[in-house]
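Next up is a structure, given as structure tokens.
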Amino acid sequence: MADTYVGAIDQGTTGTRFMVFDHSGQVVANAYEKHEQIYPEPGWVEHDPMEIWENTKDVVTTGLDEADLDAEQLEAIGITNQRETTIVWDKETGKPVHNALVWQDRRTTDRVEEIQEAGKVEWIREKTGLECDAYFSATKTEWILDNAEPLKMEASRGEDVRTRAENGELLMGTIDTWVIYNLTGNHITDVSNASRTMLYNIRDLEWDDELLEEFNVPKSMVPEVRPSSDENTYGSTDADGFLGAEVPVAGALGDQQAAMFGQTCFDEGDAKNTYGTGSFYLMNTGTDAVESDHGLLTTIGFQMSGEPVQYALEGAIFITGAAIEWLEDVDLINNAAQTAELARSVDSTDGVYMVPAFTGLGAPHWDGRARGTIVGMTRGTRKEHIVRATLESIAYQTRDVAEAMEADSGVETTTLRVDGGAVKNNFLCQLQSDIIQTDIARPEVDETTALGSAYAAGLAVGYWDTVDELRDNWQIDREFSPEKSAEEVDKLYSRWDDAVEKSLDWAQEE
């Protein structure tokens, strides 16, 4: 009998990856494709859902072909996804009514400010654990229903999008829901993704009627919510479809929760930070939804079949890896690998600080009108200083969150597990260790989002029996310990606050 594996579709902000893992959590297949980033206006970010689905099919078939695997060898598929990014589509045809509004999109900032002025922020936080922000899916869904052009097709009968939604003709979902729908025909999300919509009550574990009413989202649009690792599965791929096999789709996790799962943060107090387009620092708080007094989010970590939900505290930093991409966009670097060499070539930033608030600031500041800022430049400032300041900004933003995390949870982080593209940069890992004065552990498999969703799906179908097997799979590639003194670092960090202050409330006209 041929060996069997578990597949993972990792639908991210910049592209879609398909990976296949064996029993020891090692990668046996890997394919990736980028998709277009659409910027219709300043602060607006969109993706084409059909392009994402076509790319998903391409990377799955390419990954299997290149590894000489048959779809029949997959025991299950797990999904992980860029969270909060929102799609509305036609129930009958499966066609989107508008491009996806990406989590970074700020077009609903005015609507969020209305809610803030109406004094509803605490009310929303109590139900959802979230800050009221344009980041989440609620205001994005509302915007699409109010602003998308009516579909030019017979089924629309010229009715506007909102009327069609109220008639039960449209569905909404985050990207996991879109991919599951296209794979299986079923309209399903998992608890971790539902908890990011600002429409789901994380304590009652159900769609909240009052929030659906507040954001004018008909209940008929929202998906069924299931455990992240589901023994009942979400459905199977079609034997007559692009895969040519019936493979159960059995696990889904928002990308940051998937990374937490892939880093085997199964116990209370376990923490990880993922350095992708943005950075997301999550700490498992067990079966307690810990309320934050320091600008963090209370969110659902994951749920296994038949078990209670595990909660997490999260610090969402909107721009980290994207700041390195920006350096490339403006020709300060040729590629991301160059940043370490340039940053090392100077002893310090010479007092330059870069605040990469290109789409506002997330935790713990939550200012949708903050904008990117470089301060402290002199005539002697060179690109090396700006590159180093950009890497330092990633580490400073993480310290902002780490301090809030310790204050809220009462748990001191002794080791932070890190993953994501940027952690291949040893200079950044060492810098991070110095700035938060904590050991940093980088695992051997750094694509932990895909691994986490594979684990969730594999556990659901019995490919792995227990989470202990997964803990045994987790191997450290390298550890980093602080080399600078706390005094030296605290002095640098104190000016970071001053720099952040300069970036706040900048975008008055958008």
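The structure displayed is predicted, hence computed values, not measured ones.
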Query - Pairwise distance CZ(Arg495) to OH(Tyr396) - rounded to 0.5 angstrom - result: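 Between atom CZ of Arg495 and atom OH of Tyr396 there are 11.0 Å.
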
Query - Worked verdict on Glu487 versus Lys491 for salt bridge (charged side-chain N to carboxylate O under 4.0 Å, His left out) - result: CA-CA 6 Å; Glu487 291 75 24; Lys491 192 175 165 192; over 6 Å; no

Query raised in the report: Is there a donor-acceptor pair closer than 3.5 Å between any side-chain N or O of Trp464 and the backbone N or O of His23?
Result: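 The answer is yes, because a donor-acceptor pair under 3.5 Å joins these two groups.
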
Query raised in the report: Is atom CD of Glu291 surrounded by more than 12 heavy atoms (other residues, nucleotides or ligands) closer than 6.0 Å?
Result: no

Query raised in the report: Can you find a heavy atom in the side chain of Phe215 that is under 4.5 Å from one in the side chain of Leu199?
Result: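 The answer is yes, as the side chains (C-beta and beyond) meet within the 4.5 Å cut-off.
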
Query raised in the report: What distance do Asn473 atom CG and Gln26 atom CD have between them, rounded to the nearest 0.5 Å?
Result: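 Here the interatomic distance stands at 7.5 Å.
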
**Report entry** Crowding at NZ, Lys57 (>12 non-hydrogen neighbours, <6.0 Å)
**Finding:**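 More than 12 heavy atoms, drawn from other residues, nucleotides or ligands, come within 6.0 Å of this atom.
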
Query raised in the report: Does the side chain of Leu296 reach to within under 4.5 Å of the side chain of Glu314, using non-hydrogen atoms?
Result: no

**Report entry** Within 6.0 angstrom of Glu113 CD, more than 12 heavy atoms from elsewhere
**Finding:** yes

Report task. Establish, yes or no, whether the cationic atom of Arg442 lies under 6.0 Å from the six-membered ring centre of Phe480 and within 45° of the ring axis. Result ->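 The answer is no, since Arg442 fails at least one limit relative to Phe480.
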
Query raised in the report: Would a 4.5 Å heavy-atom cut-off, applied to side chains only, mark Ile79 and Ser453 as touching?
Result: no

Query - Glu328 and Asn334: side chain donor to acceptor below 3.5 Å - result: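 Per modelled atom types, Glu328 and Asn334 side chains form no pair under 3.5 Å.
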
Report task. Taking the side chain as every heavy atom from C-beta outward, state whether Ile440 and Glu479 have any atom pair closer than 4.5 Å. Result ->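 A side-chain contact under 4.5 Å is absent here.
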
Query - Enclosure of Arg471 CZ (heavy-atom neighbours >12, cutoff 6.0 Å) - result: yes

Report task. Using the side chain to side chain contact (heavy atoms under 4.5 Å, CB included) rule, pick out the option among Lys272, Gln257, Met283 that qualifies with Cys265. Result -> Lys272

Requested in this report: Would you check if there is a donor-acceptor pair between the side chains of Asp176 and Thr189 at a distance under 3.5 Å?
Outcome: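 Yes.
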
Requested in this report: Mind checking side-chain hydrogen bond (donor to acceptor under 3.5 Å, both in side chains) for Ser229 and listing every partner two or more places apart, or none if nothing turns up?
Outcome: none

Query raised in the report: With side chains defined as the heavy atoms from C-beta onward, is the minimum distance between Ile175 and Ile52 less than 4.5 Å?
Result: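 Yes; the side chains approach each other to less than 4.5 Å.
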
**Report entry** Polar side-chain atom of Asp267 near backbone of Asp270 as donor-acceptor pair, under 3.5 Å
**Finding:**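 Side chain of Asp267 to backbone of Asp270, a donor-acceptor pair under 3.5 Å: no, none is there.
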
Query raised in the report: Will you find, in the side chains of Ser279 and Thr320, an N or O donor that is under 3.5 Å from an N or O acceptor?
Result: yes

Query raised in the report: In terms of the angle between their ring planes, are Phe302 and Phe261 parallel, tilted or perpendicular, with boundaries placed at 30° and 60°?
Result: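 Phe302 and Phe261: perpendicular rings.
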
Report task. Verify whether one side chain among Asp255 and Gln82 offers a donor that lies under 3.5 Å from an acceptor in the other. Result -> no

Requested in this report: Without swapping roles, check the side chain of Thr62 against the backbone of Val59 for a donor-acceptor pair under 3.5 Å.
Outcome: no

Query raised in the report: Hey, are Asp490 and Arg399 close enough for a salt bridge, meaning a charged N less than 4.0 Å from a carboxylate O?
Result: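 Judged by the 4.0 Å cut-off on N to carboxylate O distance, Asp490 and Arg399 do form a salt bridge.
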
Query raised in the report: Is the backbone of Ala343 close enough, under 3.5 Å, to the side chain of Arg388 for a donor and an acceptor to pair up by distance?
Result: yes

Query raised in the report: Is a side-chain donor-acceptor pair under 3.5 Å present for His365 with Asp400?
Result: yes

Report task. Nearest 0.5 Å please: distance from the CG atom of Leu342 over to the CZ atom of Arg382. Result ->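 Nearest 0.5 Å value for the CG-CZ distance: 10.0 Å.
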
**Report entry** Distance-only polar pair, side chains of His294 and Glu403, donor-acceptor under 3.5 Å
**Finding:**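 Absent: no donor and acceptor within the cut-off.
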
Query - Within-4.5 Å side-chain heavy-atom neighbours: Ile386 and Thr381 - result: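 The answer is yes, as the side chains (C-beta and beyond) meet within the 4.5 Å cut-off.
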
Requested in this report: Before giving the answer on salt bridge (charged side-chain N to carboxylate O under 4.0 Å, His left out), spell out for Glu46 and Arg107 the whole-Å C-alpha distance, their side-chain angles and the decisive distance to 0.1 Å.
Outcome: CA-CA 11 Å; Glu46 297 180 359; Arg107 75 187 65 186; 2.9 Å; yes

Requested in this report: Would you check, one step at a time, whether the test ring pair (Phe, Tyr, Trp, His ring centres under 6.0 Å) holds for Trp44 with Tyr39?
Outcome: CA-CA 6 Å; Trp44 293 27; Tyr39 305 106; over 10 Å; no

Query raised in the report: Short question: side chain of Thr285, backbone of Asp288 - any donor-acceptor pair under 3.5 Å?
Result: yes

**Report entry** Donor-acceptor under 3.5 Å (Ser503 side chain, Val500 main chain)
**Finding:**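 Side chain of Ser503 to backbone of Val500, a donor-acceptor pair under 3.5 Å: yes, one is there.
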
Report task. For Trp506 and Thr373, test the side chains for any donor-to-acceptor distance below 3.5 angstrom and give the result as yes or no. Result ->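 There is no such pair between these side chains.
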
**Report entry** Among Ile300, Thr128, Asn193, the one residue meeting side chain to side chain contact (heavy atoms under 4.5 Å, CB included) with Tyr200
**Finding:** Ile300

Query raised in the report: Does the separation of the ring centres of Trp366 and Phe318 fall below 6.0 angstrom?
Result: yes

Requested in this report: Could you verify whether a donor N or O on one side chain and an acceptor N or O on the other, from Asn273 and Tyr275, lie under 3.5 Å apart?
Outcome: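 Present: a donor and an acceptor within the cut-off.
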
Report task. Determine yes or no for a side-chain-to-main-chain donor-acceptor pair under 3.5 angstrom, with Tyr353 supplying the side chain and Leu492 the backbone. Result -> yes

Atom pairs and distances, side-chain donor-acceptor, residues 131-140, under 3.5 Å, sequence neighbours left out:
residue : atom : partner : partner atom : Å
Glu131  : OE1  : Arg125  : NH2          : 3.4
Glu131  : OE2  : Arg125  : NE           : 3.4
Glu131  : OE2  : Arg125  : NH2          : 2.8
Asp133  : OD1  : Arg106  : NH2          : 3.3
Asp133  : OD2  : Arg106  : NH1          : 3.1
Asp133  : OD2  : Arg106  : NH2          : 3.2
Asp133  : OD2  : Tyr135  : N            : 2.9
Tyr135  : OH   : Arg83   : NH2          : 3.4
Tyr135  : OH   : Arg196  : NH2          : 3.4
Ser137  : OG   : Glu84   : O            : 3.1
Ser137  : OG   : Thr86   : OG1          : 3.4
Thr139  : OG1  : Thr108  : OG1          : 2.8
Lys140  : NZ   : Val102  : O            : 3.0
Lys140  : NZ   : Asp105  : O            : 3.2
Lys140  : NZ   : Ala134  : O            : 2.9

**Report entry** Donor-acceptor side-chain pairing of Asp439 and Thr415 below 3.5 angstrom
**Finding:**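 There is no such pair between these side chains.
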
Query raised in the report: Can any side-chain N or O of Ser433 pair as donor or acceptor with the backbone N or O of Gln430 at less than 3.5 Å?
Result: no

Report summary line: Output for pair (Gln432 CD, Gln397 CD), nearest 0.5 Å, gives 10.0 Å

**Report entry** Donor + acceptor pair across side chains of Thr16, Gln11 (<3.5 Å)
**Finding:** yes

Query raised in the report: Within a strict 4.5 Å, meaning less than it, do heavy atoms of the Arg417 and Thr264 side chains meet?
Result: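 Sidechains of Thr264 and Arg417: in contact.
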
Query raised in the report: When rounded to the nearest 0.5 angstrom, what is the spacing between NZ in Lys120 and NZ in Lys127?
Result: 11.5 Å

Requested in this report: Under the side-chain hydrogen bond (donor to acceptor under 3.5 Å, both in side chains) rule, collect the residues that match up with Asn425, sequence neighbours excluded.
Outcome: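 Testing Asn425 for side-chain hydrogen bond (donor to acceptor under 3.5 Å, both in side chains), a comparison that skips the adjacent residues, returns Thr339.
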
Requested in this report: Please say whether more than 12 non-hydrogen atoms of neighbouring residues, nucleotides or ligands are located less than 6.0 Å from CG in Asp468.
Outcome: yes

**Report entry** Within-4.5 Å side-chain heavy-atom neighbours: Asn81 and Thr177
**Finding:** no

Query raised in the report: Quick check: does any side chain N or O of Thr80 sit under 3.5 Å from a backbone N or O of Leu253, one acting as donor and the other as acceptor?
Result: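 Checked: pair present.
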
Query raised in the report: For Leu297, does its backbone N or O pair with a side-chain atom of Ser292 as donor and acceptor, under 3.5 Å?
Result: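 Judged by distance alone, no pair lies under 3.5 Å.
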
Query raised in the report: Is it the case that His47 and Gln37 place a side-chain donor and acceptor less than 3.5 Å from each other?
Result: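 Yes, Gln37 and His47 have a side-chain donor paired with an acceptor closer than 3.5 Å.
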
